[in-house]
Amino acid sequence: MKALLITGPVGVGKTTVAEAVGARLVQAGVPHAVIDLDWLRHCRPSPADDPFHLELELRNLSAVARNYVDAGVQRLVLAGVLESRADRARYAEAIGAKLTVCRLKADLTVIRKRLVSRHQHDSDLGWHVNRAAELEKLFASAWVEDFVVAADQPVAEVAQDVISWWLAAERLPTG
């Protein structure tokens, strides 16, 4: 199995692009699964030392990935926030496969517009906007990705760029 993790700040379109990549894989007849990692860690309360429930997410991902492999999945498309190179290694270990990472990037004004649209009636809008800016700074220095794709174009174009880069990255020697 080969896996792609689509990362980026809150509101950049990770899940939307992952679903579009999945749709392309359906068209190509490739057995695959798309997973929004948020749902693998979504429970409350979070432990004080793990506010985003990363440990739970990784345990759940490991079990789900095994089940998908048993079901014949050849490609796994993940959408979630990846904050460090150390965590990248932990995700690869959890899924038991080579992991390619794509970071989506968009101007913060575009992301803010998306977040306002998505969270217009949500009291956490400010948190999401601040978190997007915080993650953009983190990504600028963390270098967790194999490639970056602009996410301020139509979703179909973003998905095609992601797939093209993913296939190119798989042809690179590992080591």
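Side chains are part of it too, since the values below use all heavy atoms of this structure and drop only hydrogens, waters and symmetry mates.
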| field | S62 side chain to L58 backbone, donor-acceptor under 3.5 Å | value | no

Item to complete: List the steps, then state whether side chain to side chain contact (heavy atoms under 4.5 Å, CB included) holds for V21 with V34.
Response: CA-CA 9 Å; V21 168; V34 177; over 6 Å; no

Here the gap from R41 atom CZ to D36 atom CG, rounded to the nearest 0.5 Å, amounts to 8.5 Å

Answer with yes or no whether the side chains of T100 and D146 bring together a donor and an acceptor at under 3.5 Å. no

### Message
Pair E19, V77 - check side chain to side chain contact (heavy atoms under 4.5 Å, CB included), show working.
### Response
CA-CA 8 Å; E19 290 170 345; V77 180; over 6 Å; no

Interatomic distance, CD@E57 vs CG@D38, rounded to 0.5 Å, equals 7.5 Å

- Following the transitive rule for hydrophobic clusters with a side-chain heavy-atom cut-off under 4.5 Å over Ile, Leu, Val, Met, Phe, Trp and Tyr, establish whether V30 and I95 coincide in one cluster. yes

Does W39 share a hydrophobic cluster with L4, counting links as ILVMFWY side-chain heavy atoms below 4.5 Å and allowing steps through other members? no

- Cluster check V110, F139: I/L/V/M/F/W/Y, side chain < 4.5 angstrom: no

CE of M1 to CZ of R66, rounded to nearest 0.5 Å, is 10.5 Å

Under 6.0 Å from the CD atom of E93, do we count more than 12 heavy atoms belonging to anything else shown? no

Exercise. Decide side chain to side chain contact (heavy atoms under 4.5 Å, CB included) for F52 and V81; before the verdict, give the C-alpha distance in whole Å, the side-chain angles of both, and the deciding distance to 0.1 Å.
Key: CA-CA 10 Å; F52 295 109; V81 174; over 6 Å; no

Nearest heavy-atom approach of L54 to R90 is CD2-NH1, 3.7 Å

From the list P47, S46, C43, side-chain contact (heavy atoms from CB on, under 4.5 Å) with L56 holds only for C43

Note: V148 and K105 closest approach over all heavy atoms is CG1-CB, 3.8 Å

key: R112 atom CZ, over 12 foreign heavy atoms within 6.0 Å   = no

Closest non-hydrogen contact found for V162 with F147 is O-CZ, 3.8 Å

To the nearest 0.5 Å, atom NE2 of H32 lies from atom CD of Q74 at 11.0 Å

Here the pair of heavy atoms bringing A151 nearest to L104 is CB-CB, 3.9 Å

Interatomic distance, CG@L76 vs NZ@K98, rounded to 0.5 Å, equals 13.5 Å

Exactly one candidate in I6, V17, D161 meets side-chain contact (heavy atoms from CB on, under 4.5 Å) with V149; the answer is D161

Quiz item: Linking I/L/V/M/F/W/Y whenever their side-chain heavy atoms sit closer than 4.5 Å, directly or via other members, would W165 and L25 fall into one cluster?
Solution: yes

Closest non-hydrogen atoms of G80 and L37, given as atom of the first, atom of the second and distance, are CA-CD1, 4.1 Å

Can E145 and R88 be counted as an ion pair, charged N to O under 4.0 angstrom?
no

Notebook entry, point to check: Given the rule that I, L, V, M, F, W and Y join up when any side-chain heavy atoms are under 4.5 Å apart, are W143 and W166 in one cluster?
Noted result: no

Residues G8 and R103: closest non-hydrogen pair is CA-CG, 4.4 Å

(request) Determine, stepwise, if the pair K2 / R75 fulfils side chain to side chain contact (heavy atoms under 4.5 Å, CB included). (result) CA-CA 5 Å; K2 296 179 182 178; R75 301 237 177 207; 4.1 Å; yes

To the nearest 0.5 Å, atom CD1 of I35 lies from atom OG1 of T15 at 11.5 Å

